[in-house]
Amino acid sequence: MSTRTEGRRERDIPGPGQDAPGQDAPGTLRRGVLAAVTAALALGLMGACGGGEHGDAKEAGDETRTSPPAASPPTASSAVAPSLAATPRPDLTGVGASDGKVLTQGELDRAILVDGDVPGFTSGPMDAPPPRGETADRSECLPLTAVLNGKPEPLGKAVAYRQLVGPENDRPAVSEFLTTHGVRDASTLLNRLRAAVTACADGFTASGGDGPSKYTGVKPLSPVKAGDDALAYQLTGDFEGDPVPLVFHLVRVGGTVATFYTANFENGATPPMPPALLAAQATKLT
């Protein structure tokens with residue numbers, strides 16, 4: 001799905017791997033209204049495509065989990081306050097992912113967020129990413145482009161995509177995808193990303209899609225406390241010299257990973273992620 005991109009508005013970002021000019025939703029800005037941004041943000045949140053394999057990336061599946069340092073307080077816009085204060089519907093029930101089983105496509109489809117799970121937020125379908133996407137120029141950064149492409153690695157055995165929009169004039173716009181792996185691969189996925197956030201802190205370039213993309217930095221953010229494991233980070237894209245923060249939050253419940261992302265095209269401030277979305281999704285997976 002998409003949310004129209006007018007100028008550099010946060011609400012307008014295509015979905016993973018999509019080319020959706022004039023549509024709203026976090027996705028690959030590569031070929032959308034902001035072709036340059038799309039190239040700079042070939043992310044799942046801008047329309048992620050298919051990330052390259054990263055067999056050379058650091059294998060960290062069994063590494064000890066570490067907590068990232070506290071992130072700076074969000075300052076993107078006071079208009080997001082109602083969405084940040086939202087709470088999940090109290091009667092949500094889970095599909096049993098916490099026992100580590102590999103969910104079926106039907107179970108993923110039932111578990112992913114829908115209208116009413118978090119009051120004030122509406123959900124809609126989001127197309128799956130196209131087969132090709134961006135590839136980082138450094139092997140240690142490949143886990144990051146895999147997420148940008150909407151295909152975090154190790155690849156899931158099933159996946160479901162969703163676009164979520166908040167109560168403040170369709171803001172914030174958040175894209176989500178659920179991937180099911182089994183506990184080992186799901187743990188590896190988050191640990192590879194942790195290693196990549198550290199290794200690629202100074203940024204990297206990526207090729208593929210409609211041209212090269214430049215990312216000027218990666219930094220850890222404070223994750224929402226949900227699920228069995230959680231990770232949050234900001235990847236900063238470069239759009240004609242202006243910073244475009246792309247924020248990713250991942251939550252693992254058993255062998256399933258929920259990935260949420262959003263962006264700020266207005267002022268370079270880190271866009272906040274409504275914690276109720278992650279809490280609600282963790283509950284529906286448990």
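Hydrogens, waters and symmetry mates are skipped; everything else that's a heavy atom, side chains included, is used. These numbers come from a predicted model, not from an experiment.
Between Arg162 atom CZ and Leu277 atom CG the span is 12.5 Å, to the nearest 0.5 Å. One finds the CD atom of Glu176 at 8.5 Å from the OG1 atom of Thr259 (value rounded to the nearest 0.5 Å).
Taking the charged nitrogens against the carboxylate oxygens, Arg194 and Asp229 do have a contact shorter than 4.0 Å, which makes a salt bridge. With respect to Arg89 and Asp91, a salt bridge is recorded, a charged nitrogen being found less than 4.0 Å from a carboxylate O.
For the pairing with Pro243, the side-chain contact (heavy atoms from CB on, under 4.5 Å) check across Asn264, Asn267, Thr236 returns one residue only, Thr236. When each of Leu108, Thr256, Val159 is checked for a side-chain contact (heavy atoms from CB on, under 4.5 Å) with Thr179, only Val159 meets the rule.
Looking only at distances, a side-chain donor or acceptor of Thr262 sits under 3.5 Å from a matching main-chain atom of Ala173. Distance alone, capped at 3.5 Å, is enough to place a donor-acceptor pair between the Thr180 side chain and the Leu103 backbone. Remark: the backbone N or O of Val114 is paired with a side-chain donor or acceptor of Asp117 at under 3.5 angstrom. Looking at Asp238, its side chain never comes within 3.5 Å of a backbone N or O of Lys214 through a donor-acceptor pair. Counting only distance, with no hydrogens or angles, the side chain of Gln281 and the backbone of Leu113 share a donor-acceptor pair below 3.5 Å. Checking side-chain atoms of Lys284 against main-chain N and O of Val95 turns up no donor-acceptor pair under 3.5 Å. A donor-acceptor pair is defined here as one N or O able to donate and one able to accept, closer than 3.5 Å; no such pair exists between the side chain of Arg138 and the backbone of Thr205. Using a distance-only test at 3.5 Å, with no hydrogens or angles considered, no donor-acceptor pair links the side chain of His181 to the main chain of Lys157.
Between Phe248 and Tyr233, the ring-plane angle classifies as parallel under the 30° and 60° cut-offs.
Closest of all the heavy-atom pairs between Pro88 and Leu92 is CB-CD1, 4.1 Å. Annotation for Leu144 and Cys200: closest pair CD1-CB, 3.9 Å, computed over non-hydrogen atoms. Closest approach of Ala226 and Ala230 over heavy atoms only: O-CB, 4.0 Å.
There is a side-chain donor-acceptor pair under 3.5 Å between Thr270 and Gln234. Remark: the Ser123 side chain and the Asp115 side chain contain an N/O donor-acceptor pair separated by less than 3.5 Å.
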Practice problem: Would you please test Phe204 and Val218 for side chain to side chain contact (heavy atoms under 4.5 Å, CB included) and show each step? | Solution: CA-CA 9 Å; Phe204 60 94; Val218 188; 4.2 Å; yes

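For the pair Pro172/Pro272, no side-chain contact is recorded, criterion being any heavy-atom separation below 4.5 Å from C-beta on.
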